[in-house]
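Below is one structure, written out as structure tokens; comments come after it.
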Amino acid sequence: MVVKAELNSFNNEPNIYINAQEGEPFKLTCHPPTGWPKPIVNWLKKVKDDSIKIADNHRMTTDPEGNLWFSNVTQNDASFTYYCSAKSLIMNEYKLSNPVNVNVIQNAEIFLQNKYPPIRQYVSRRNEVALLNKKVELFCIYGGTPLPQTIWFKDGIVIRFNERIILENYGKSLTIWKVNFEDGGNYTCEVSNGVGLPKSYNILLDVMAVPILTVIPQIVEGGEGETAVIKCEASGSPQPSIKWIHNGRPLSEASPNPRRFVTSNSITITPLTKYDTGNYGCNATNSIGYVYKDVYINVLALAPEITELPLNVKTFDGSTTTIIKCKPYGVPKPHVKWIKNDIELTGGRYSTLDNGDLQLSKVSFIDAGIYTCIATNNYGTASASGILTVKERTEIITEPEDNVVIAGSVATFHCVATADHSFNLNIDWLINGELIDYDTQTRFVKTNDYSLIITKTIELDSGIYTCLAKTELDQVTANATLIVQDKPNPPTLLEIICNKINAVVKWRPNGDNRAPILRYTVEYNTSFEPGTWLVASDDVSAADLMFIVPMTPWANFTFRVIAVNKIGKSNPSLHSSVCITQPDVPFKNPENIEVYGTETSNLVVHWTPMPKIAHNAPDLRYKVYWKQDMPGKVWNINETSNYTINELVIPNQPTYRRYKVKIVAFNKKGESNGFQKEVIGYSGEDIPDDIPKNLTVLNVTGSKSAILSWEPVSPESVKGYFKGYKIQFWADRDGEDNKIEEKVSFDKTTMEIKNFFPNAKNYVCIFAYNSRFNGQHSSSIFFNTPEGVPEPVNGVEAKQWGSSAILLSWQPPDEANGVLTGYEISYESMTQQGVGERVQRPSITNPKQTIAKLTSLKPSTNYRIYIKATTKAGVSEPFFIEQQTKSPLPVDSKLDKPVFSYVHKAYNKVFDTVCILWTPNLEGNPGSHFFVKYKLKSDYLYEETKHEFYKNFINVKGLKPGKLYELIVVVVDGDITQESDIVEIEASSNTAGIIEAEETTA
């Protein structure tokens, strides 16, 4: 049906003039024109400048019938001309009524009273109906003066509004969008304005719904002998009734059919014949509306055909469920079975679904193969096959672990997965379920091994991170949590309560950034140091959100708070408003008072000036009280000119006398009420008069020690604070300029000095001293000290020499404390099994020798080597060094060809002696020790010397003078040897020019 849209005009009526009483509720009635669709009605008002506005505010409300309600009338309402407006939404057109003018009447009695209790103007019906999923608006318009306020209830409970349930018309209507059945109930509007009793109105809202089909009839195609069932169910409010239609007429008027069974929501025909083909309709109806659906029954005879063939399916080992598709069609409905390897698949892990598909559960590799779907009915058979392939499932073998990091540091997640080798495995990362975009989130990096690295972490990075391992077949995930901890957010100051002597600071935290707040620091600054914040307390409990800060008088205080967690301190809160304190007398006096003399006849008083925060009022100064600490002495007073002075010098005082001193602060308000501390001090000191007498050496107790004695001086002669004695001593060989000084307390007259010079002639003198001066020195005495034990050697080095030797070198002790007689060397192996037995090397008796060789050591072994210097008095403390021998050389290795020199040594008149000097290169493979082969050039066989393990020279003796010899140096390292080139040497026949060989190792 097509309806023409139209909007008629208002009736042509004369202009309307209406009187209204000021303060009373009022109504303007509108008679809108007809139209289709029904026009929307509003009221407009025109002001003096001819502009038009909608008449809609707290006092003016238009009801659904088009009437304009005034909650109360004011004089201002007379300044407008009113029009009723009708608008067509489809035609985008509106019509206006003739103008309405309101004359507001005022009288003295009403003006003085001007109060009206709430009065009902327009309300919805008490029984209101709303349609499911539609909009409903409940009205409760009341007038009165003052303007009434409206509260809405549902079933006695105040309504909580949301995006679906809202207030409109300034609370005078309640709108519910997309109504549901739960919205039904008893709604109450309660109206009050403080005049008279509150008014209320109840509306019972019933939610109804047009019928909808919950079970929709389906077309039935079946073969003769089968059963056809058509079902139809519906819901609605009220509950709809169902009527069946057959071939366009009510089923009750159809020809009887004993094979047809009818209920309120189904039709069943069994068994079917070809005469049952026809049309059936379901009509569900209630008082709100209806819904209709028709279908047909078609009786056919069709052989099976497979309309959806089995596809080649890939699945993975361990899959819970896998389905192989097969959609057969035929009438009657075909029976379906599945076979594999000529065996029908029934029961257990195999299930043929109603639609013909095969469902497999708990898939394993043995399920791979060809599956055939066979569909059969009375008219034939159809079959089709598909292949099932089973792959390795994707697994995460190393899952990411939960991580807690500090903001700004790096967070790393690792994830290792495996998948079937025939698939490409991809690993992605998600944060809180969203894939990470590495292009826009540049702090997130996925490495070549699929690890996720997050640089410069922030608190917002906290969340759940998911490793997603994915192939074309399956995917698996593993989660880990990242917590990024940061220093707290700055607290917010809530309140500062300024009292006379303290301030109460209150605050609230603003988040701990995932690391609990441990404590708070409360700071303050004053007008005296506005740029400096001082700590009132740095240990306020995290549970306390208030702290009382003491304040001093005559200052401006501001405060701030800092939160502290294990990561660090928050930024400070914003500073507080100012607390101003009133002036008062000082509460304390200067501190750190010192009393002393700088000259023999003065007294100096020194103190720390009081900071401005302690002044408590303007014009702070000090009074210095002083007197000798003797009976009958009275206080002397010196007054300073300002508070910055920190010292008073009092001249013309006797030398070293005891004084009492105190300092009192005062300001414009008066003298300090703080404790007045008295300090003891002394006037200036002078040079001590007496010299300690009879300095004597009682006993020489060691190479560095001796006991001295002397006669004391009188305390009066010290002329100051008697600190004790100073003993000076020096060695004759070093001179007095290199003297050493030791201090002794004033109550001692004997002392053992333990730092004398050993094996030397020592000179000693003594004198008394006070805080400023040394007294005159006594005459010096001397005595001799015996030899002592030497100090340790130094500069020790150890070098590898082949695989079984180590070469040592060292420097003599800095202080021999006597005459060096040589060195003692011992060593011990250090292995995983423990420390081996210590081996003593033959002593070195030449104190000039500072090189030694250790031989016959085990290859690849760590040794600890001890070296001690010796004098007649004993041995020094050992100096030890650790060194490892080289690994043994491989069997096919070669040693360096040895290089040597030779000299002729003194000999008897019958034979010559040649000293062979081997020069090994320790950086190469020189061998660990050596020996010499030699023979007359005319002989065939070589003679051999003994193997030399410790020295780098061998004396070849018994050579016949004037004869020519061939000599070869052979170096040895384990089982490996290496010979030098042959050198021809003629044995010497005279003594001229013969020298001694220099021995470099022993």
Side-chain angles (χ1 to χ4, degrees), residues 499-503 524-536 549-558 578-685 720-721 771-772:
N499 300 319
K500 181 178 179 181
I501 60 173
N502 59 45
Y524 68 93
N525 74 357
T526 68
S527 51
F528 300 117
E529 294 181 285
T532 301
W533 287 92
L534 304 174
V535 175
V549 183
M551 296 190 298
T552 58
W554 193 56
N556 297 343
F557 284 82
T558 54
V578 178
C579 285
I580 301 175
T581 55
Q582 298 303 311
D584 203 343
V585 299
F587 294 162
K588 59 173 64 175
N589 293 302
E591 298 176 341
N592 302 320
I593 301 173
E594 296 178 342
V595 182
Y596 52 87
T598 57
E599 298 178 2
T600 58
S601 61
N602 75 0
L603 181 70
V604 177
V605 182
H606 187 277
W607 63 91
T608 300
M610 291 170 59
K612 283 189 174 182
I613 192 66
H615 288 193
N616 292 3
D619 198 19
L620 182 82
R621 288 171 291 164
Y622 313 112
K623 292 180 181 178
V624 181
Y625 294 78
W626 58 276
K627 67 177 179 177
Q628 282 195 41
D629 188 13
M630 295 172 59
K633 294 292 185 179
V634 298
W635 289 105
N636 300 285
I637 302 176
N638 289 74
E639 188 174 308
T640 64
S641 58
N642 64 68
Y643 78 92
T644 62
I645 293 175
N646 66 344
E647 186 176 88
L648 174 65
V649 179
I650 306 169
N652 303 319
Q653 300 301 308
T655 300
Y656 198 65
R657 291 291 187 271
R658 180 182 171 101
Y659 285 82
K660 283 186 177 180
V661 176
K662 64 180 180 180
I663 304 176
V664 179
F666 66 99
N667 59 24
K668 280 191 174 181
K669 284 289 185 178
E671 194 172 278
S672 166
N673 58 14
F675 174 68
Q676 299 177 5
K677 180 181 179 181
E678 293 184 1
V679 177
I680 302 297
Y682 292 82
S683 56
E685 298 175 288
Y721 175 58
S771 298
R772 293 194 64 215

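This structure is a prediction, so every number in the text was calculated from the model and none was measured. For this chain, numbers begin at 1 and follow the sequence in order.
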Gap separating the [atom1] atom of [X] from the [atom2] atom of [Y], nearest 0.5 angstrom:
X: M630; Y: Y659; atom1: CE; atom2: OH; answer: 10.0 Å
X: Q676; Y: N589; atom1: CD; atom2: CG; answer: 6.0 Å
X: N652; Y: N602; atom1: CG; atom2: CG; answer: 9.5 Å
X: D584; Y: N667; atom1: CG; atom2: CG; answer: 8.0 Å
X: T600; Y: Q653; atom1: OG1; atom2: CD; answer: 11.5 Å
X: R658; Y: K633; atom1: CZ; atom2: NZ; answer: 15.0 Å

Locate the shortest heavy-atom distance separating [X] from [Y]; write the atom from each residue and the value.
X: L648; Y: W607; value: N-CZ3, 3.7 Å
X: S527; Y: P530; value: O-CD, 3.5 Å
X: S683; Y: P654; value: OG-O, 2.6 Å

>> Within the 3.5 Å criterion, strictly below it, is a donor on N525 or T532 matched to an acceptor on the partner's side chain?
In response: no

> Under 3.5 Å, is there a donor-acceptor pair between the N638 and W626 side chains?
Replying inline: yes

> Between W635 and K662, is there a cation-pi geometry (under 6.0 Å to ring centre, at most 45° from the normal)?
Replying inline: yes

For the residue pair [X] and [Y], establish whether any side-chain heavy-atom pair is separated by less than 4.5 Å.
X: V595; Y: L603; answer: yes
X: T558; Y: W533; answer: yes
X: H606; Y: Y596; answer: yes

> Of T581, N556, I501, which is the lone residue that meets side-chain contact (heavy atoms from CB on, under 4.5 Å) with M551?
Replying inline: T581

>> Can a donor-acceptor pair be found, under 3.5 Å and without considering hydrogens, that links the side chain of E685 to the backbone of S771?
In response: yes

> Above 12 or not: heavy atoms from other molecules or residues under 6.0 Å from NZ of K627?
Replying inline: yes

> Is the number of heavy atoms from other residues, nucleotides or ligands within 6.0 Å of OH (Y721) greater than 12?
Replying inline: no

>> Using side chain to side chain contact (heavy atoms under 4.5 Å, CB included), reason through I613 and F557 one step at a time and then give a plain yes or no.
In response: CA-CA 10 Å; I613 192 66; F557 284 82; 3.9 Å; yes

Let me check something: any side-chain donor-acceptor pairs from residues 614-624 under 3.5 Å, sequence neighbours excluded? List them with distances.
| from | atom 1 | to | atom 2 | distance (Å) |
| --- | --- | --- | --- | --- |
| H615 | NE2 | M610 | O | 3.1 |
| H615 | NE2 | P611 | O | 3.4 |
| N616 | ND2 | V585 | O | 2.9 |
| R621 | NH1 | E639 | OE2 | 3.1 |
| Y622 | OH | M610 | N | 3.0 |
| Y622 | OH | Y643 | O | 2.7 |

> Sequence neighbours excluded, which residues qualify as ring-ring contact (aromatic ring centres under 6.0 Å, His included) partners of F587?
Replying inline: none

